[in-house]
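Here the structure comes first, spelled out in structure tokens, and everything after it is commentary.
As the structure lists them, so they are numbered: ligands from 1, and atoms in each ligand from 1. None of the values given here were measured: they were computed from a predicted structure. For the single chain, residues carry numbers from 1 onward in sequence order.
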Amino acid sequence: MRIINVVGARPNFMKIAPLMEEYERHPEIEPLLVHTGQHYDEKMSTLFFKQLGIREPDVNLEVGSASHAVQTADIMTAFEPVLLDYHPDAVLVVGDVNSTIACGLVAAKLHVKVIHVEAGLRSFDRSMPEEINRVLTDSISDLLFCTEQSGVENLMAEGIDQDKIYLVGHVMIDTLKRNMTIARQSTILNELRARRCIDGHGYSVLTLHRPANVDDPLVFSRILDALEVIQNDLPIIFPIHPRTLKNITSLNLRNRIDRLARLHLIDPIGYLDFLKLQSSARVVFTDSGGIQEETTVLKVPCITLRENTERPVTVEMGTNQIVGTDTQKIVHAFKRIMEGNFRESRIPPLWDGKAAERIVDVIEEKIVDPKMRRYEVVEAL
Ligand code: UD1
């Protein structure tokens with residue numbers, strides 16, 4: 001059985017790594033890896049392949065950056081001939097980026113089974129491009145693997161057949177568990193000390209890249225106002241996403257940022273360094289989805305700079321607080337954490353490092369079985 005596995009953007013790489021490793025224990029499965037090229041920089045892509053031991057992709061579609069419509073369309077146009085060439089039994093997509101829906105849609109139209117890993121998450125905020133990608137991908141998937149119970153409930157509320165839905169835990173946490181020991185040896189903290197970004201009194205970490213936060217100068221400024229206060233208590237390490245860096249220039253925020261002496265902008269860093277950085281932080285500020293989950297497992301307080309989350313288990317059981325982008329609310333949440341007012345997290349069910357194993361077992365049972373196979377690709381043409 002041949003499965004095409006798709007990656008495109010940075011958060012996909014951590015999710016695909018344990019699956020590619022797990023396939024090695026299943027000789028009846030022939031896994032192919034397609035990189036759409038949605039992310040392409042050394043620091044946004046290549047470094048992750050190296051650190052996570054992911055093999056070279058069989059195909060790189062090299063689509064690069066563009067508007068949503070153009071990027072999605074380019075991926076679709078480039079992916080269709082790959083499916084026609086390789087005739088896979090299934091296409092596996094992860095997460096909620098444009099590559100996820102683009103490749104899922106091409107596969108569904110060619111009557112190739114679609115497997116969605118990290119299905120069912122819902123922010124119920126359709127202004128987020130990722131929410132559109134999630135809803136659409138789930139609606140055309142044949143097997144849906146959920147990281148948390150809310151995902152199962154959301155899918156059932158949308159009328160998706162229960163037989164297709166599996167709660168399996170989280171492949172991204174598989175990767176975290178596998179890499180924690182080696183990440184502890186990262187020298188990132190020494191480097192930051194040598195650059196005088198941090199001292200012995202703790203630090204915080206910031207990541208910011210959502211369009212809602214970094215495309216709107218008012219929202220971005222409100223967050224900077226909060227950081228101005230916070231940096232008096234703790235230095236802030238800010239590995240900066242290329243989209244955010246571009247916007248700092250285009251929104252004329254460079255002077256404003258340069259005035260914040262303890263806000264340290266650094267280049268995007270690799271997986272192992274980031275794991276070390278967040279695991280030793282006093283607090284993490286983020287608008288990322290995955291970091292809300294990683295901080296829960298690492299038991300590091302997390303302040304989410306968004307009005308909602310599609311990952312409610314991180315609030316119910318984890319360290320996550322959904323604080324939004326109001327200056328006073330961010331500062332207040334931070335002060336409370338500094339005073340020691342935060343909850344011990346519990347690890348969500350099945351976040352035990354074995355999600356990839358469960359997923360591949362289900363795939364084997366449901367797709368390798370010839371009775372479950374759909375039609376030949378050519379039939380759809
Ligand atoms: C994408 C995902 C988002 C995910 C994020 C992780 C969608 C809709 N969004 O957002 O869900 O959280 O990745 O990073 O799929 N750029 C580079 N080098 C790169 C990649 C991007 O310089 O390797 C710059 C380009 O200027 C580009 C911009 O970043 O225009 C945005 O990249 P894009 O892939 O469109 O979206 P992200 O904001 O990264």
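- Aromatic pair Y203/H264: centroids not less than 6.0 angstrom apart.
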Hey, can you pull the donor-acceptor pairs under 3.5 Å for the side chains in residues 178-185, sequence neighbours left out?
unit_1, atom_1, unit_2, atom_2, d
R178, NH1, E21, OE1, 3.4
R178, NH2, G353, O, 3.3
N179, ND2, T175, O, 2.8

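- Of the protein's non-hydrogen atoms, E130 OE2, 3.2 Å is the one closest to atom 3 (C) of ligand 1.
- Atom 25 (C) of ligand 1 has its closest protein heavy atom at S65 OG, 3.3 Å.
- In this structure, E307 and I322 have side chains that are not in contact, with every pair of non-hydrogen atoms separated by 4.5 Å or more.
- Considering N320, T296, T304 as possible partners of V315, the one that fulfils the side chain to side chain contact (heavy atoms under 4.5 Å, CB included) test is N320.
- Residue contacts with ligand 1: R10 is placed with no nitrogen or oxygen under 3.5 Å of a nitrogen or oxygen of the ligand (distance criterion only).
- For atom 26 (O) of ligand 1, the closest heavy atom belonging to the protein is K246 NZ, 2.8 Å.
- Closest protein heavy atom to atom 16 (N) of ligand 1: Y40 OH, 3.6 Å.
- The shortest side-chain heavy-atom distance between V59 and L32 does not fall under the 4.5 Å cut-off.
- Residue N133 has no nitrogen or oxygen atom sitting less than 3.5 Å from a nitrogen or oxygen atom of ligand 1, judged on distance alone.
- No more than 12 heavy-atom neighbours from other residues, nucleotides or ligands sit within 6.0 angstrom of NZ on K354.
- Of all atoms in ligand 1, numbered sequentially from 1 with element shown, those under 4.0 Å from a heavy atom of H68 are 8 (C).
- The closest protein non-hydrogen atom to atom 4 (C) of ligand 1 is H209 NE2, 3.7 Å.
- Side chains of T36 and Q38: a donor-acceptor N/O pair is absent below 3.5 angstrom, by distance only.
- When hydrogens are left out, the protein atom nearest atom 6 (C) of ligand 1 is P11 CD, 3.5 Å; that is the closest non-hydrogen contact.
- Close N/O approach between Q38 and ligand 1 is found [any backbone or side-chain N/O within under 3.5 Å].
- In summary, the side chains of S345 and T319 do not present any donor paired with an acceptor at a separation below 3.5 Å, with no hydrogens or angles considered.
- Protein heavy atom in closest approach to atom 22 (O) of ligand 1: P242 CB, 3.2 Å.
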Next on the checklist: Assess the residue pair Y86 and D58 against the criterion (side-chain hydrogen bond (donor to acceptor under 3.5 Å, both in side chains)); give the C-alpha distance rounded to whole Å, side-chain angles, the decisive distance to 0.1 Å, and a yes or no.
Outcome noted: CA-CA 11 Å; Y86 284 96; D58 298 284; 5.9 Å; no
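- Those atoms of ligand 1 that come under 4.0 Å of a heavy atom in H39, given as number and element, are 1 (C), 6 (C), 13 (O), 14 (O), 20 (C), 21 (C), 23 (O), 34 (O), 37 (P), 39 (O).
- Taking a cut-off of under 4.0 Å to the non-hydrogen atoms of D41, the atoms of ligand 1 that pass are 17 (C), 18 (N), 19 (C), 22 (O), 23 (O).
- Protein heavy atom at the shortest distance from atom 31 (C) of ligand 1 is R243 NH1, 3.6 Å.
- Ion pairing between E131 and R134 holds under the 4.0 Å rule for side-chain N and carboxylate O.
- The heavy atom nearest to atom 37 (P) of ligand 1, out of those in E42, M44, H241, is found in H241.
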